[in-house]
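What follows is one structure encoded as C-alpha cells, with my remarks underneath.
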Amino acid sequence: MSLLLSFEISAVTFRSSIDDAKWELEASKFSCRLSQVIPSFGNAEFEREAGEDLRFTLKPTENIHFSAGAKLVAEAAPWQPGISPRFIGSYKPEELTGYLQVKPKQAKNMLAALYKGMMPTFTSPEWYGTNESLRVAVSAVNFQSAYDDYVLCTTGLLPVNFRQVARTAVLFPSAQWRLSDASRERLDLIALYVKNDDSVKGIYIDGHSDSQGRRLMNRDMSKRRAEEVTAYLISIGLDPNMITTRYHGERYPVVPNNSKKNRDRNRRVTIRLEKE
C-alpha cells in the first residue's frame, strides 16, 4: 500500500512504501531536477538550475498542511536502529502555495542524509486543524543510483541561466570604447548561453554615454561602444542576423549625470536577449 498512515507519537505520516518509492530525474543543460512522489500528499523536489545553487521544495497538493510551520529532521530508516536523528531546520510555508522551501546548505544536508539511507522528515504540530500532528518523510529507497545520475547531470549544466544573462550592462571608462577582459568574459557567457538555447531569437544591443562633452561626440562614442560589443559577439560565433544594434548617446541615463559615480554607470552598452 503506497500511503502509509501511521500514528507515531500521535502523528499522521505520509511517505512512500519500500516497494513504491521511486526517484525521477529530469536532466538538461539548463537544470537537473530529482523528485519523488509522496502518495496522497504531493512531491519532494531537489533542483539545481544552471548558474544557481541547489534548492529543495516540498510541494503539497493542498496549501493548508503546514499552516503552523514545520521542522525538518533527518531520521534513521527503520532498518538503521541506533542512529540518532539530526535537526536540519525550521520553515514557514509560502503563503499562496503552501510549499516549503529549503535553503541550499540545508538542501545539501538532506542529500547527504538520503545518501546514507536516512529519511528527511518534516513535522508539524497539527494536521487539518485537528489534534493530530503531521509527519512527511522523504524516502531514501533507491536514492543512491538516482543520485549518481543527478551528479552526472550537474557536470553538464551551463554556467549561467537565462535570468542571469537576459539583461546585461557592459560599462566603459570615459572616452573609451574598447572592451576590457572582464567585459569579454561576460560576453563569452552570453554567447555560450545563446548557442545552447534555441528559443532565444533576438539580441538587442544599445550603446549609451554620459553627458560630459558635446552631444554629437557622445552619440558617436555610444555608437562605437555598441558596435564593439556587436563585433565581438559575431567574432565568437553568434549569428549577426539575430543582432539589432542601436546607439543613443546621452539620451537615456539610468541615473542623473551629477556625479562621477553616476556617470560611470551611464557609460554602458546594454545587451538584451529576447525569446520566442
Side-chain angles (χ1 to χ4, degrees), residues 1-8 11-28 30-49 52-80 85-86 88-89 91-104 106-124 126-128 130 132-154 157:
M1 177 173 169
S2 294
L3 171 61
L4 300 181
L5 285 177
S6 61
F7 291 83
E8 302 170 19
V12 177
T13 301
F14 293 89
R15 66 173 179 263
S16 294
S17 68
I18 292 177
D19 292 334
D20 293 335
K22 294 180 181 178
W23 287 95
E24 300 289 341
L25 177 65
E26 297 177 47
S28 73
F30 307 107
S31 70
C32 303
R33 185 179 296 114
L34 187 61
S35 62
Q36 180 183 100
V37 173
I38 301 175
S40 298
F41 181 83
N43 288 280
E45 183 178 288
F46 292 94
E47 183 174 19
R48 172 82 181 276
E49 190 177 1
E52 302 283 357
D53 210 338
L54 174 71
R55 64 175 180 265
F56 174 86
T57 309
L58 184 65
K59 298 181 175 182
T61 54
E62 297 182 280
N63 66 357
I64 59 174
H65 288 288
F66 297 107
S67 57
K71 293 183 179 180
L72 173 59
V73 174
E75 298 182 346
W79 54 89
Q80 295 176 313
R86 297 205 318 260
I88 296 178
Y91 309 94
K92 294 291 186 181
E94 293 184 348
E95 185 173 349
L96 294 179
T97 63
Y99 293 176
L100 296 182
Q101 299 280 357
V102 177
K103 294 179 180 179
Q106 295 164 335
K108 292 172 185 175
N109 289 340
M110 292 178 68
L111 283 182
L114 285 163
Y115 197 80
K116 294 176 181 178
M118 301 180 75
M119 297 188 302
T121 302
F122 295 85
T123 62
S124 188
E126 62 180 49
W127 180 60
Y128 277 132
T130 69
E132 304 291 349
S133 58
L134 171 67
R135 293 164 48 84
V136 181
V138 183
S139 175
V141 175
N142 301 318
F143 178 77
Q144 287 194 4
S145 60
Y147 177 76
D148 291 342
D149 292 336
Y150 163 80
V151 171
L152 182 62
C153 174
T154 63
L157 286 173

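In what follows, residues are counted from 1 in the order of the sequence shown.
- Residues Ser35 and Phe46 fail the side-chain proximity criterion, which asks for heavy atoms closer than 4.5 Å.
- By the 4.5 Å heavy-atom criterion applied to side chains, Leu58 and Ile38 are counted as neighbours.
- Proximity of Ser31 to Glu47: side-chain heavy atoms (C-beta onward) are separated by under 4.5 Å at one or more points.
- Listed for the Asn63 side chain is a donor-acceptor partner under 3.5 Å among the backbone atoms of Leu96.
- At distances below 3.5 Å, at least one donor-acceptor pair connects side-chain atoms of Ser28 with backbone N or O atoms of Phe30.
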### Stepwise side chain to side chain contact (heavy atoms under 4.5 Å, CB included) test for Val102 and Asn109
CA-CA 10 Å; Val102 177; Asn109 289 340; over 6 Å; no
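- Residues Ser16 and Val37 are not in side-chain contact: their nearest non-hydrogen atoms beyond the backbone lie 4.5 Å or more apart.
- Side-chain contact of Gln106 with Tyr91: a donor-acceptor pair under 3.5 Å is present, judged by distance alone.
- In this structure, Phe143 and Trp23 have perpendicular ring planes: the angle between them is above 60°, well past the 30° mark.
- A distance-only check finds a donor-acceptor pair linking the side chain of Gln36 to the backbone of Ser139 [under 3.5 Å].
- Using cut-offs of 30° and 60° on the angle between ring planes, the pair Phe14 and Phe41 is tilted.
- The distance from atom CD of Glu75 to atom CD1 of Ile88, rounded to the nearest 0.5 Å, is 10.0 Å.
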